[in-house]
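Naming convention: chains lettered A, B, ... in sequence-line order (proteins, then strands); numbering from 1 in each chain.
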Number of protein chains: 2
Amino acid sequence: MTKKWTPASAADGVEQVLKILEGKWKLVILFHLFGGQVKRFSELEKAIPAITQKMLIQQLRQLEADGIVTRTIYHQVPPKVEYSLTDWGQELCPALDALLKWAENKK
Amino acid sequence: MTKKWTPASAADGVEQVLKILEGKWKLVILFHLFGGQVKRFSELEKAIPAITQKMLIQQLRQLEADGIVTRTIYHQVPPKVEYSLTDWGQELCPALDALLKWAENKK
DNA sequence: CGGCATCCCCCGTGATACTG
DNA sequence: CAGTATCACGGGGGATGCCG
């Protein structure tokens, strides 16, 4: 069943979501992790050449704080850190798919 | 069928969408217009007390430019302008619904 | 290799006052 | 009623350099 919204509460809810997705690079990062992919910090850097280290870290930390990505640290030399999506993060995929389909319908 | 994405193209597509939804007030406005509602400028002002005139206009203009809302002007005194969603704008509703449902699934 | 700190600039937002 | 114009500010984001 579709939930009952007031304009205010619905906008509030989606606003929370968009705040999570906000930030120039979050989506790019997410799409690189969708499908259960696990990537190292340096792999993400290579995959997204235009991003700066500062931004990559910052956005990853926010995604982590929001419970979307998981950070796994291997205490070894050289250091190794892997990023992957949480289950909840994976479930975001269909929602973004809906947005993409909507965008394609434009014309 | 689900479209085939490269991380880059998918991120690009959704980024365009988020750019459209961006802006502190767009979502609030949209939810006030969903379901075929037609609202006058002053009605939107009353419905969203915290917004300033400048912001309301600006966001409405951007939504209009993006093809999401329609602006109807009645040349009379006093002036009267009505805002409503385009068909494409209405179709955005289910996509936002998907985001809301995802957010509810958190915990 | 992975991450933090600092400086700086730009733009989105807000407050206020004025107009057709 | 439905805008436009102007000023001011705060924070997101970029560049660069240093640490464990």
K.L.:
OP1 or OP2 of D/dA2 versus the side-chain N and O atoms of B/S42: is any pair under 4.0 Å?
P.N.:
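For D/dA2, OP1/OP2 do have a side-chain N/O of B/S42 under 4.0 Å.
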K.L.:
Any side-chain donor paired with an acceptor under 3.5 Å for A/E43 and A/Y83?
P.N.:
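Judged by distance alone, the side chains do not pair up.
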K.L.:
Could you state the interatomic distance from NZ (B/K80) to NE2 (B/H75), rounded to the nearest 0.5 Å?
P.N.:
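Result: 13.5 Å between the selected atoms.
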K.L.:
From CD1 of A/I20 over to P of D/dG12, roughly how many Å is that when rounded to an integer?
P.N.:
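One finds 16 Å between P of D/dG12 and CD1 of A/I20, rounded.
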K.L.:
Mind checking A/Y74 for me? I need base, sugar-phosphate or nothing, with any heavy atom below 4.0 Å counting as a touch.
P.N.:
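No contact.
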K.L.:
In whole Å, I'd like the distance from the CD1 atom of A/I48 to the P atom of D/dG14.
P.N.:
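My rounded result for the distance is 12 Å.
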K.L.:
Nearest nucleotide by nearest heavy atom, which residue falls closer to the 5' end of DNA chain C, A/I57 or A/P79?
P.N.:
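With A/P79 and A/I57 compared, the 5'-side residue is A/P79.
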K.L.:
With a 3.5 Å cut-off and heavy atoms only, can you find an N or O donor on one side and an acceptor on the other between the side chain of A/K54 and the base of D/dG14?
P.N.:
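Pair found.
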K.L.:
Quick one: is C/dT16 close enough that its OP1 or OP2 comes under 4.0 Å of any side-chain N or O from B/Q53?
P.N.:
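It does not, given that no N or O in the side chain of B/Q53 lies less than 4.0 Å from OP1 or OP2 of C/dT16.
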K.L.:
Before accepting this row, confirm whether a basic side-chain N of the pair A/K106/A/E104 lies closer than 4.0 Å to the acidic partner's carboxylate O.
P.N.:
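No, this pair does not count.
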K.L.:
How close do B/N105 and A/W88 get, counting heavy atoms only, and between which atoms?
P.N.:
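Looking at all heavy atoms of both residues, the closest pair is C-NE1, 3.7 Å.
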K.L.:
Any side-chain N or O of B/R40 under 4.0 Å from OP1/OP2 of D/dC1?
P.N.:
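For B/R40, the contact criterion (side-chain N or O under 4.0 Å from OP1 or OP2 of D/dC1) is not met.
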K.L.:
What is the distance, to the nearest angstrom, from the CD1 atom on A/I51 to the P atom on D/dG14?
P.N.:
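Distance, rounded to whole Å: 8 Å.
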K.L.:
Grab the NZ-C1' distance between B/K19 and D/dG12 for me, whole Å please.
P.N.:
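After rounding, the reported distance stands at 13 Å.
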K.L.:
Output the rounded distance in Å from CD1 (B/I73) to C1' (D/dC1).
P.N.:
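Whole-Å distance recorded here is 13 Å.
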K.L.:
Using the ring of each side chain (for Trp, its six-membered ring), is B/F31 parallel, tilted or perpendicular to A/W5, with breaks at 30° and 60°?
P.N.:
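It falls in the perpendicular class, over 60°.
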K.L.:
For the pair made of CD in B/E22 and P in D/dG12, what is the distance, rounded to whole Å?
P.N.:
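It is 13 Å, rounded to the nearest whole Å.
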K.L.:
Taking only side-chain nitrogens and oxygens of A/K24, does any of them come within less than 4.0 Å of OP1 or OP2 of D/dG14?
P.N.:
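Answer is yes, contact under 4.0 Å.
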K.L.:
NZ of A/K46 versus C1' of C/dC1: gap in Å, rounded?
P.N.:
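Rounded to whole Å, this separation is 13 Å.
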K.L.:
Side-chain N or O of A/W25 versus OP1/OP2 of D/dG12: is the shortest distance under 4.0 Å?
P.N.:
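It does not, given that no N or O in the side chain of A/W25 lies less than 4.0 Å from OP1 or OP2 of D/dG12.
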K.L.:
Below 4.0 angstrom from OP1 or OP2 of D/dG3, is there any side-chain N or O of B/R61?
P.N.:
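The answer is yes; a side-chain N or O of B/R61 sits under 4.0 Å from OP1 or OP2.
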K.L.:
Expressed as a whole number of angstroms, how long is the span from A/L56:CG to C/dC4:P?
P.N.:
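Whole-Å distance recorded here is 11 Å.
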K.L.:
With a cut-off of less than 4.0 Å, is there a side-chain N or O of A/Q59 near OP1 or OP2 of D/dG13?
P.N.:
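Answer is yes, contact under 4.0 Å.
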K.L.:
With a 4.0 Å cutoff (strictly under), does any side-chain N or O of A/Q58 reach OP1 or OP2 of D/dG12?
P.N.:
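Answer no for this pair, as no side-chain N or O of A/Q58 is under 4.0 Å from OP1 or OP2.
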K.L.:
Give the nucleotide from the list C/dT13, D/dG14, D/dG3 with an atom nearest to the side chain of B/M55.
P.N.:
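Taking heavy atoms from C-beta onward, the closest nucleotide is C/dT13.
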